[in-house]
Amino acid sequence: MATVEIRNVRKSYGPVEAIKGIDIAIQDGEFLVLLGPSGCGKSTLLRMVAGLEGITGGEIAIGGRVVNHLDPKDRDIAMVFQNYALYPHMTVFDNMAYGLKIRGIPKAEIRARVDKAANILELGRFLDRRPSQLSGGQRQRVAMGRAIVREPAAFLFDEPLSNLDAKLRTQMRVEIKRLQDRLGITSLYVTHDQVEAMTLADRILVMNHGVAEQIGTPLEVYQRPASLFVAGFIGSPPMNVLDGRIDDRGEAVLLPGGQRLPLPRPRATDAGRPVKLGIRPEHMAVAADGFSIEIELVEALGADTVVYGRLPDGETLLVRMAGIPTVRERDRLTVAPQDGALHLFDAVTGRRME
Amino acid sequence: MKQTRFIDLVPHIVLIAGVLIFAYPIYVTLIGSTWDAGTIGRGGLPLWPGGEGAANYAQAWVGEAGERAMYTPVRTMMLNSLVMALSIALGKIAISILSAYAVAFFRFPLRMAFFWLIFITLMLPVEVRIIPTYKVVADLGLINTYAGLAIPLIASATATLLFRQFFLTIPDELLEAAKIDGAGPVRFFIDVVLPLSRTNIAALFVILFIYGWNQYLWPLLVTSSGDMETIVTGITKMIGTGESANDWHIIMATTVLAMLPPVAVVVFMQRWFVKGLVDSEK
Ligand SMILES: Nc1ncnc2c1ncn2[C@@H]1O[C@H](COP(=O)(O)OP(=O)(O)O)[C@@H](O)[C@H]1O
Ligand SMILES: [Mg+2]
């Protein structure tokens, strides 16, 4: 168990900068999720922590010790790969025991540690099988078992669930959460799936193009997205974003369609400034006055309904309502944001305006 | 119904015809090795076994003088061929699996240069480089030695390329997982790469053993004494130039014996292939 500190870490592949200076201190026992779209550099960052990728700039410290120049085996970490990376010719037992054998741990202790991990992961019956004789979920568990028996300072997960089907993924997600609560081992977990991030993380680091867009708890990231990118990435369906302008007295946002949405508090200094206005679909409600939309599509999800509406100026507006649909396509509807549901972003930089 | 049965029959007929065409000469050899020199010499070889088999094989094996000439005993030639074929097969496998491992798994300066260097030797089989190779072997004093027979044939681009292609199918994550587990390059090779390669090794062993066993030109050049004779060159030397009649019964017995080790290797290794197919895992 240990802290993991990442200090202004950079990574270049030739002229291309994949990681552009990331800073984060992960607490002992914390579960940090690296979330971002494919190609944003999540795996690269994780692999630098693992020692599988060189560090171009900055420092990584595990348990207070700078590990920049240590081999992976000396960093006291264990990693779970997306494709499991189990040794195909070894039994489940040997797969889990291999790292311990190399480290010269006595046979009896290896046996005890593997049995314990197998117990936790309900793999006891499969110890003599080969990976090819296991299902995807079971292989995933073996990969986790291999990490657990090492009793490392930190776990590194690289999209460990993305090769599983939806149902199994949900199941394993819960299991990983339970396991981490139980073992309390500092974890870095890479995913592009916001649901995994929201449910597993103590904190989320939202990444885009090699930059940390925001670091915060799942609720912070959802409630106060630091940028348009985060706002669009977290939440499903994604946040509505409309062009607007703060009125001359700094009291409301004016939209091209003529609507005027009062601000929760006046912003005299921003008067007249163009902004991007974000409103989550689930924070819109039917109202007497507001956005008048023509409904183009109604998605009934059972527990709730997503309505795709078209504003008079042609923009799409999503509204998420509880329960089964009460409206139909081509109906007209007037909706308005609930109190405190407005997010303002700088029209140029996309950063949140507080 | 009738149509499909006819269509089913065609491949069988072709197969049977093929087997007969291939098997008939071997059958003739087998039968010939059981008759006495006189019967064969008259030109009317029967198609059923004769009674001289034991005597012919014993004579070939120990190399007692035939009626017309003195030959190197088959047991000596078999041993020479066996040493040569095994050295070539095992040597080629050992060298090419190691060089393929280096080229496939490690980044080092001039990696691709080395790869291409290996690759272009494909254009230089023994026959092409035979005179310089002979000179080198002669200068090293390796004429009439096992080393001289085997070493020039060991360097092999083909096997290196085959292993490299196979290694490229081993996912990078496996190497990375091993690195995190603490396995260095040597351990990874022994604990992971070798076990995963065993069916490839078995297949290559069969091919290379037969390649080595059937070598003709090189052993002909590099051996001059009778006790370094290999069986393939030995058989051809038994067949005279026409000045005298040949001991066909001994030649045929020798030929049958020469076929046995390659057949044994194929039959024995077949089990490995089947095993490899059954628990194919990577
Ligand atoms: N070995 C490499 N050589 C060159 N570019 C690479 C290499 N590995 C990754 N990259 C680049 O770095 C960026 C981040 O990749 P990666 O960390 O794998 O993204 P993610 O895991 O978020 O999908 C990508 O644009 C990718 O093309
Ligand atoms: Mg990735």
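Only this structure's heavy atoms are used, side chains among them; waters, hydrogens and symmetry mates stay out. Naming convention: chains lettered A, B, ... in sequence-line order (proteins, then strands); numbering from 1 in each chain.
Looking only at distances, a side-chain donor or acceptor of Thr56(A) sits under 3.5 Å from a matching main-chain atom of Ser12(A). Listed for the Asn68(A) side chain is a donor-acceptor partner under 3.5 Å among the backbone atoms of Ile60(A). Distance alone, capped at 3.5 Å, is enough to place a donor-acceptor pair between the Thr91(A) side chain and the Asp94(A) backbone. In this structure, the side chain of Tyr101(B) engages the main chain of Pro185(B) through a donor-acceptor pair within 3.5 Å. Using a distance-only test at 3.5 Å, with no hydrogens or angles considered, a donor-acceptor pair links the side chain of Trp218(B) to the main chain of Gly148(B).
Residue Asp172(B) does not touch chain A at all, counting heavy-atom pairs closer than 4.5 Å. The contact between Ala78(A) and chain B is made entirely by backbone atoms, counting heavy-atom distances below 4.5 Å. With a 4.5 angstrom heavy-atom cutoff, Phe81(A) touches chain B only via side-chain atoms. Looking at Arg75(A), neither its backbone nor its side chain comes within 4.5 Å of chain B, counting heavy atoms on both sides. Neither the backbone nor the side chain of Leu100(A) comes within less than 4.5 Å of any heavy atom in chain B. When heavy atoms are compared at a cutoff of 4.5 Å, Ile102(A) approaches chain B by way of both its backbone and its side chain.
Comparing Ile180(B), Val192(B), Asp191(B) by how many heavy-atom pairs each has under 4.5 Å with chain A, the most go to Ile180(B).
Because its NZ or CZ atom is not both nearer than 6.0 Å to the ring centre of Tyr84(A) and within 45° of the ring axis, Arg146(A) does not count as a cation-pi partner of that residue.
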